[in-house]
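In the text below, chain A, chain B and the rest are named by the order of the sequence lines, each starting its count at 1.
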2 protein chains.
Amino acid sequence: MAQAKPKTEAKPVRRSAIDGVYERIRKKVLDSELAPGSQILEHELAVMLGVSRTPVREAVIRLHNEGLLEIIPRHGVRIVPIAVSDMREIYDVLISLEPRAAELLALRGASPKELRQLEVCCERMTDALARDEMEEWALADEEFHLGIVQLSGNRRLADIVLNCWDQVHRARYFTLRLRKHPHPSKSIEEHYEIIEAIRRGDAKAASDIYRRHRDRGLKEQVDVMMTFRIHQI
Amino acid sequence: MAQAKPKTEAKPVRRSAIDGVYERIRKKVLDSELAPGSQILEHELAVMLGVSRTPVREAVIRLHNEGLLEIIPRHGVRIVPIAVSDMREIYDVLISLEPRAAELLALRGASPKELRQLEVCCERMTDALARDEMEEWALADEEFHLGIVQLSGNRRLADIVLNCWDQVHRARYFTLRLRKHPHPSKSIEEHYEIIEAIRRGDAKAASDIYRRHRDRGLKEQVDVMMTFRIHQI
DNA sequence: CGCACCCATTATGTATACATTAATGCATTC
DNA sequence: GAATGCATTAATGTATACATAATGGGTGCG
């Protein structure tokens with residue numbers, strides 16, 4: 001899980017049931033359709049998805065490696081909840097890796113087309129914010145950060161970051177509805193600063209701004225969780 | 001995945017065949033007993049290990065997620081070889097994460113016992129070097145760096161780093177025999193500097209020295225591979 | 001009334017059987 | 001002689017059957 005699995009790669013595509021099962025369980029976990037902290041038996045999952053236990057097991061192993069599920073010997077799988085301490089751990093990894101991705105992108109130089117792609121995300125964010133559509137705002141935000149790690153050219157780094165995001169996904173979307181506004185204009189401003197730094201090829205600046213951006217993000221998340229006495233999510 | 005699976009955690013331990021199978025295949029890969037780039041069928045692995053295909057498959061999925069194996073639809077699993085470009089990718093992740101681990105350890109403050117544990121590794125390295133036992137030197141080196149990430153307190157970060165190490169393990173041991181000496185005194189010196197910085201609680205210094213240390217490590221690895229025209233390992 | 005032990009139940013771990021799909025080789029035709 | 005198509009083979013993907021081990025409850029004894 002480590003690490004780091006080829007989720008990014010676009011293969012010729014072989015559609016086997018296990019991939020489908022994996023995706024469906026993953027979606028249920030990310031969307032809280034399977035409640036954090038709850039447990040469910042392999043057999044129940046198999047029945048729920050209309051397949052046998054075999055593909056379920058294999059999908060579950062993958063999800064376990066990704067840190068989304070825990071395998072409790074006689075009690076099925078447990079959807080791992082994210083506590084504030086987990087949040088800190090995960091953000092610590094993100095804060096170490098994402099600025100480096102921005103740095104790499106700045107160093108290798110982004111094409112106008114790639115920069116444009118990032119700008120479009122910012123425009124979508126501004127737009128969504130104006131109409132108070134926070135879900136759309138979050139989606140565009142995700143796409144921006146996703147874009148940077150993927151454009152960094154380091155696939156392993158990108159895979160790790162993506163996996164971290166999966167783990168905090170629930171929390172991000174949950175807090176969306178709780179906090180008034182996520183310092184949104186400030187956030188978008190920083191995004192533009194990052195794009196500018198990358199355009200200038202200023203790796204140091206890109207990295208620094210990114211780090212500040214994530215630092216603030218962590219604080220906001222933790223604040224919301226503390227304020228609302230949410231210990232797990 | 002990303003990677004990052006609970007490899008660190010010490011559970012009550014349940015010894016099931018799949019764990020054993022996983023360990024044995026992993027060992028064969030790390031020790032190059034299964035050659036990098038070679039392919040082997042699930043069935044062959046099963047026969048080789050004296051079990052059925054089921055536990056083999058499950059172990060293979062884990063190893064695939066860790067980036068050690070690749071699953072080629074009709075041609076079994078392939079032991080993924082590490083090229084120079086992979087080396088750079090992996091070290092990039094390490095260079096982002098390990099200094100942060102040292103930083104965290106410096107920030108929280110290491111106990112005398114913990115610091116002693118790290119020093120013992122350095123002493124073992126010095127000792128091994130004096131007797132020209134490079135394998136032992138490498139082992140002690142690994143234990144030092146392992147110690148730091150594990151003492152950092154961030155289990156996810158530690159798991160990711162451990163996984164990266166697995167991926168470069170072969171290369172590290174291979175180059176051991178090719179280069180004269182890995183700037184060994186310099187290397188040990190830096191280790192002590194890192195320990196000192198942690199002892200002082202100087203997070204910045206610990207991080208910086210560590211980064212330099214790894215930067216040099218990457219260069220050495222790449223140099224050796226280039227010099228000997230090793231494209232994959 | 002409480003604790004401990006034993007048995008039944010059940011979930012998982014493992015093996016095996018079966019179906020599906022892809023690759024290879026051979027034959028036939030152009 | 002080469003290329004294409006079909007058939008055979010073989011490996012994986014999936015299901016199912018079976019063995020094992022743990023859990024929970026019930027009963028009996030202290």
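- Scanning residues 39-49 of chain B for heavy-atom distances under 4.0 Å to DNA chain D yields B:L41, B:E42.
- A salt bridge links B:D159 with B:R155; the closest basic N to acidic carboxylate O contact falls under 4.0 Å.
- Rounded to whole Å, the distance from CD1 on B:I61 to P on D:dT12 is 13 Å.
- Distance, A:E58 CD to D:dG13 P: 8 Å, rounded to whole Å.
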Please table the atom pairs, donor to acceptor, closer than 3.5 Å between any side-chain atom in residues 73-81 of chain B and protein atoms at least two apart or in another chain.
unit_1 : atom_1 : unit_2 : atom_2 : d
B:R78  : NH1    : B:E70  : OE1    : 2.9

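- Distance B:I18 CD1 to D:dA19 C1': 17 Å, rounded to the nearest Å.
- Atom CD1 in B:I72 sits about 11 Å away from atom P in C:dA23, given to the nearest Å.
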Please list, pair by pair, any protein nitrogen or oxygen found under 3.5 Å from a nitrogen or oxygen in nucleotides 15-21 of chain C.
unit_1 : atom_1 : unit_2 : atom_2 : d
C:dA15 : OP2    : B:S52  : N      : 2.7
C:dA15 : OP2    : B:S52  : OG     : 2.7
C:dA15 : O5'    : B:S52  : OG     : 3.4
C:dA15 : N7     : B:T54  : OG1    : 2.7
C:dT16 : O4     : B:T54  : OG1    : 3.3
C:dT21 : O2     : B:R74  : NH1    : 3.1
C:dT21 : O2     : B:R74  : NH2    : 3.4

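- In this structure, B:Y91 has no ring pair (Phe, Tyr, Trp, His ring centres under 6.0 Å) partners at least two apart in sequence or on a different chain.
- Residue pairs meeting the ring pair (Phe, Tyr, Trp, His ring centres under 6.0 Å) criterion with at least one partner in residues 146-167 of chain A, sequence neighbours excluded, are A:H145-A:W165.
- Protein atom NE2 of A:H75 is 14 Å distant from nucleotide atom P of C:dT10, rounded to whole Å.
- Every residue two or more places apart in sequence or in another chain was checked for a side-chain hydrogen bond (donor to acceptor under 3.5 Å, both in side chains) with B:K219, and none qualifies.
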Hey, can you pull the donor-acceptor pairs under 3.5 Å for the side chains in residues 223-233 of chain A, sequence neighbours left out?
unit_1 : atom_1 : unit_2 : atom_2 : d
A:T227 : OG1    : A:D223 : O      : 2.7
A:R229 : NH1    : A:M226 : O      : 3.4

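- Comment: A:E98 does not engage A:R211 in a salt bridge, judged by the lack of any side-chain N to carboxylate O separation of less than 4.0 angstrom.
- As a whole-Å value, the separation of B:I71 CD1 from D:dA11 C1' is 13 Å.
- Under the side-chain hydrogen bond (donor to acceptor under 3.5 Å, both in side chains) criterion, A:R172 pairs with A:D141, sequence neighbours left out.
- Summarising the geometry, the separation between CG on B:D19 and P on D:dA21 is reported as 14 Å, rounded to the nearest angstrom.
- Residues forming a side chain to side chain contact (heavy atoms under 4.5 Å, CB included) with A:A110 (at least two apart in sequence, or on another chain): A:L105, A:E114, A:L115, A:I198.
- Between the OH atom of B:Y22 and the P atom of C:dT14 there is a distance of 16 Å, given to the nearest Å.
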